[in-house]
Amino acid sequence: MGFLSVLSMAHRLVQERVQPGDAVIDGTCGNGVDTLFLAQLTGPRGIVYAFDVQEQALARTQERLAPLAADGRMPELCAVLDSHARIREHVKPASHGKVAAAMFNFGYLPGADPSVITQTPSSIAALEAAIDVLRPGGIVTAVLYPGHEGGDAEAAAIEAWASALPQFTAQAMVYRMAQKPTAPYLIAVEKRT
């Protein structure tokens with residue numbers, strides 16, 4: 001049977017916490033895979049914030065979600081062409097403290113310019129902002145890619161950030177294949193208070 005992939009594990013953890021009508025965030029919408037997953041979970045009463053710094057990513061995401069819109073199953077979509085570090089500014093004030101989940105896939109957009117990668121300072125700022133807008137029991141998932149140039153340093157910094165979170169505020173877990181140090185891995189953070 002085998003273990004779940006890191007992406008499947010992230011989806012499982014999020015699915016356990018998101019209900020129809022919830023507000024959710026895709027902090028790195030890329031090709032729209034996680035955005036679609038989140039949109040299907042929240043349904044037409046929900047709201048999905050999809051962030052990316054590349055217009056190409058937002059266009060791909062909207063194309064991927066088009067069938068949901070055609071079927072009347074589309075949540076409110078806020079496609080944000082801006083850094084995920086500015087989550088607090090783009091998430092509606094009414095949703096602050098009520099967001100069920102925030103998903104991130106750090107690295108670069110497959111099929112696009114591989115020199116455009118997530119940067120450690122903005123990635124950590126985004127994770128902190130996501131924790132701030134979560135509700136208690138909400139989750140942040142971060143899929144890390146240490147195998148590309150710059151990815152190893154970013155992964156190490158995010159893992160150190162998660163490890164340093166006060167336990168009364170959040171609890172963090174790491175899901176990875178121990179024998180494959182350059183393979184993608186998952187950090188998940190559940191907000192407690």
Side-chain angles (χ1 to χ4, degrees), residues 1 3-112 118 123 126-127 129-145 175 184 186-191:
M1 184 160 119
F3 292 115
L4 290 175
S5 72
V6 293
L7 297 173
S8 295
M9 178 60 86
H11 282 199
R12 177 176 281 183
L13 293 169
V14 167
Q15 187 172 15
E16 292 172 352
R17 291 160 176 84
V18 175
Q19 300 296 318
D22 279 343
V24 293
I25 298 167
D26 185 347
T28 49
C29 70
N31 287 315
V33 174
D34 288 338
T35 312
L36 176 61
F37 170 72
L38 291 167
Q40 291 169 328
L41 291 177
T42 64
R45 294 182 297 122
I47 182 168
V48 178
Y49 296 91
F51 288 80
D52 213 292
V53 296
Q54 297 178 80
E55 287 183 31
Q56 179 182 11
L58 294 177
R60 288 181 183 175
T61 296
Q62 290 175 331
E63 286 174 20
R64 189 174 295 272
L65 272 63
L68 283 184
D71 292 345
R73 298 182 296 130
M74 182 75 163
E76 180 182 345
L77 176 66
C78 296
V80 181
L81 182 63
D82 199 357
S83 170
H84 48 210
R86 295 179 39 86
I87 283 173
R88 286 182 201 89
E89 290 83 1
H90 290 286
V91 170
K92 295 176 182 180
S95 292
H96 284 222
K98 297 178 182 171
V99 172
M103 300 185 78
F104 295 87
N105 276 289
F106 294 106
Y108 60 90
L109 175 61
T118 53
S123 296
L127 291 164
I131 294 286
D132 284 351
V133 299
L134 280 186
R135 67 184 178 210
I139 192 165
V140 171
T141 62
V143 177
L144 307 171
Y145 296 86
Y175 179 76
L186 170 68
I187 292 181
V189 178
E190 183 180 56
K191 186 172 181 175

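Sequence positions, counted from 1, serve as the residue numbers for this chain. From a predicted model like this one, the values you see are computed outputs, not experimental measurements.
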Look at the side chain of Arg64 and the backbone N and O of Asn31, then say whether any donor-acceptor pair between them is shorter than 3.5 Å. yes
Are any of the side-chain heavy atoms of Leu41 and Val24 separated by less than 4.5 Å? no
Distance check, rounded to the nearest 0.5 Å: Asp26 atom CG versus Cys78 atom SG? 13.0 Å
Validation row: Val189, Leu127 side chains within 4.5 angstrom (heavy atoms): no
Heavy-atom side-chain contact between Val80 and Arg86 under 4.5 Å: no
Might you point out which heavy atoms bring Gly30 and Thr61 nearest each other, and give the distance in Å? O-OG1, 3.5 Å
In terms of the angle between their ring planes, are Phe104 and His84 parallel, tilted or perpendicular, with boundaries placed at 30° and 60°? perpendicular
From CE (Met103) to CG (Leu186), nearest 0.5 Å: 8.5 Å
Asn105: what forms a side chain to side chain donor-acceptor pair (under 3.5 Å) with it, not counting sequence neighbours? Asp34, Tyr145
Go through the steps to decide whether Asp22 and Arg135 satisfy the test side-chain contact (heavy atoms from CB on, under 4.5 Å), and finish with yes or no. CA-CA 11 Å; Asp22 279 343; Arg135 67 184 178 210; 3.0 Å; yes
Apply side-chain contact (heavy atoms from CB on, under 4.5 Å) to residues Val91 and His96 and explain how you reach the verdict. CA-CA 7 Å; Val91 170; His96 284 222; 3.8 Å; yes
May I ask you to check whether Phe51 and His90 place their ring centres under 6.0 Å from each other? yes
Interatomic distance, CD1@Ile47 vs NZ@Lys92, rounded to 0.5 Å, equals 4.0 Å
Using modelled atom types only, decide if a donor and an acceptor are shared between the side chain of Thr118 and the backbone of Gly107 within a distance under 3.5 Å. yes
Supply the atom-to-atom distance Met74 CE to Gln40 CD, rounded to the nearest 0.5 angstrom. 11.0 Å
Nearest heavy-atom neighbours spanning Gly46 and Pro75: O-CB, 3.3 Å
Near Arg73 CZ, under 6.0 Å, is it more than 12 heavy atoms from other residues, nucleotides or ligands? yes
I want to check something: taking the side chain as every heavy atom from C-beta on, are Glu190 and Leu13 in contact at a cut-off of under 4.5 Å? no
Side chains of Thr35 and Leu77: does their closest heavy-atom pair fall under 4.5 Å? yes
Quick one: pull up CD in Gln15 and CD1 in Ile139 and give me the separation to the nearest 0.5 Å. 12.0 Å
Donor-acceptor pair, side chain of Lys191 and main chain of Gly138, under 3.5 angstrom: no
Gly32 versus Leu65, closest heavy-atom pair with distance: O-CD1, 4.2 Å
Taking Ala23's backbone N and O only, do any of them form a donor-acceptor pair with Tyr49's side chain (distance below 3.5 Å, no angle check)? no
Minimum heavy-atom distance between Cys29 and Ala50, given as atom pair plus value: CB-CB, 3.9 Å
Can you confirm whether Glu55 sits close enough to Leu81 that some side-chain heavy atom of one is under 4.5 Å from a side-chain heavy atom of the other? yes
Is it true that a side-chain atom of Asp52 and a backbone atom of Leu58 form a donor plus acceptor pair closer than 3.5 Å? no
What's the separation between atom CZ in Arg17 and atom CG in Leu134, rounded to the nearest 0.5 Å? 10.5 Å
More than 12 heavy atoms of other residues, nucleotides or ligands under 6.0 Å from CD of Glu16: is that the case? yes
Closest approach of Ile87 to Ala126 (non-hydrogen atoms, all atoms of both residues): CD1-O, 3.8 Å
Closest non-hydrogen atom pair, Val6 against Pro184: CG1-O, 3.5 Å
